[in-house]
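Below: the structure, in structure tokens.
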Amino acid sequence: IPIIFGSIRMPIRGVWMAFLELDMADVADTPVGPVEIQFTGNEDYPDVTLRGAITSSDAVSEEGRARVIVRAGNGSLQNKALTQRDYVKSPFDVNIALVVQDAILEAGEQPSPNIKTTLESIRVPRWHRASGATATQILDRMAQRFGVTYRFNDAGEVEVALSETFPPIA
């Protein structure tokens, strides 16, 4: 589907979102569900494919155009309210990787395989997840408390990192 206009918000930490206006001959064909946004690279930059999803509440169609919001992954990390859960030491402290993976999976997203090894050293005696919290709220709390960051990778998985490195600006 041709994109008439668009912008992508890609935060250092959190969920990327693409705000797109699509050329739609029939607005009834406005896409909902999983999508891929493909960028063609050049000699300096590789091709990039972002995997995300459009929910029905994020799609508005009128006059041959559709305005949609594509959210990273399955689009549910920010929106799905999670159930209450307690993690208690018995006999070892709680590994934060378990808390993070549980929240991501319950939200309907896919955790990156690196989460367990990245967060292996972070342990707490107890962790309480309040009812109604979203996975984004839980991950933001982890980021503030333990200095980690998270984002979606190009495959649509949630990745976690203990520190960020960026190439110098030339």
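Every value quoted in this text rests on a predicted model; they were computed, and no experiment measured them.
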Discussion item. Test side chain to side chain contact (heavy atoms under 4.5 Å, CB included) on R126 and D86; report intermediate values, then the result.
Written reply: CA-CA 8 Å; R126 178 181 183 94; D86 282 314; 3.9 Å; yes
For the student: nearest non-hydrogen atoms of [X] and [Y], plus distance:
X: A18; Y: I8; result: CB-CG1, 3.8 Å
X: Q101; Y: P111; result: CG-CB, 4.3 Å
X: P125; Y: V94; result: O-CG2, 4.0 Å
X: L20; Y: S7; result: CD2-N, 4.4 Å
X: N74; Y: G108; result: ND2-O, 2.5 Å
X: I115; Y: V158; result: CD1-O, 3.5 Å

Discussion item. By the salt bridge (charged side-chain N to carboxylate O under 4.0 Å, His left out) test, which pairs, at least two apart or in different chains, include something from residues 34-43?
Written reply: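 Listed by first then second residue: E36-R51.
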Discussion item. By the salt bridge (charged side-chain N to carboxylate O under 4.0 Å, His left out) test, which pairs, at least two apart or in different chains, include something from residues 93-111?
Written reply: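 Counting only pairs at least two positions apart or across chains, the salt bridge (charged side-chain N to carboxylate O under 4.0 Å, His left out) contacts touching residues 93-111 are R85-D102, K89-D93, E106-R129.
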Contact between [X] and [Y] at the side-chain level, heavy atoms closer than 4.5 Å - yes or no?
X: R71; Y: N79; answer: yes
X: R151; Y: I12; answer: yes
X: I122; Y: V148; answer: yes
X: F39; Y: D47; answer: no
X: V99; Y: M142; answer: yes

Taking atom [atom1] of [X] and atom [atom2] of [Y], what is their separation to the nearest 0.5 Å?
X: I104; Y: Q110; atom1: CD1; atom2: CD; answer: 9.0 Å
X: T134; Y: L77; atom1: OG1; atom2: CG; answer: 7.0 Å
X: N153; Y: W16; atom1: CG; atom2: CH2; answer: 11.0 Å
X: I37; Y: T49; atom1: CD1; atom2: OG1; answer: 10.0 Å
X: F152; Y: E157; atom1: CZ; atom2: CD; answer: 10.0 Å
X: Q78; Y: T136; atom1: CD; atom2: OG1; answer: 5.0 Å

Determine whether [X] and [Y] fall in the same hydrophobic cluster, where Ile, Leu, Val, Met, Phe, Trp and Tyr are linked whenever their side-chain heavy atoms lie under 4.5 Å apart.
X: V48; Y: M10; value: yes
X: I54; Y: F5; value: no
X: I4; Y: M24; value: no
X: I138; Y: L105; value: no
X: L119; Y: F146; value: yes

Discussion item. Can you tell me if K80 has over 12 outside heavy atoms packed within less than 6.0 Å of its NZ?
Written reply: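 Check passes, neighbour count above 12.
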Discussion item. As a quick check of understanding, evaluate side chain to side chain contact (heavy atoms under 4.5 Å, CB included) for R65 and L22, giving each step before the final call.
Written reply: CA-CA 6 Å; R65 293 181 176 205; L22 309 175; over 6 Å; no
Item to complete: Indicate yes or no for a side-chain donor-acceptor contact from S131 to the backbone of T83 under 3.5 Å, with no hydrogens or angles considered.
Response: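 Not a single qualifying donor-acceptor pair exists.
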Discussion item. Distance alone, cut at 3.5 Å: any donor-acceptor contact between the side chains of D140 and Y150?
Written reply: yes
Worksheet item: Would E21 and R67 satisfy salt bridge (Lys or Arg N to Asp or Glu O under 4.0 Å), going step by step from the backbone distance to the final call?
Response: CA-CA 4 Å; E21 194 165 308; R67 286 190 306 275; 5.1 Å; no
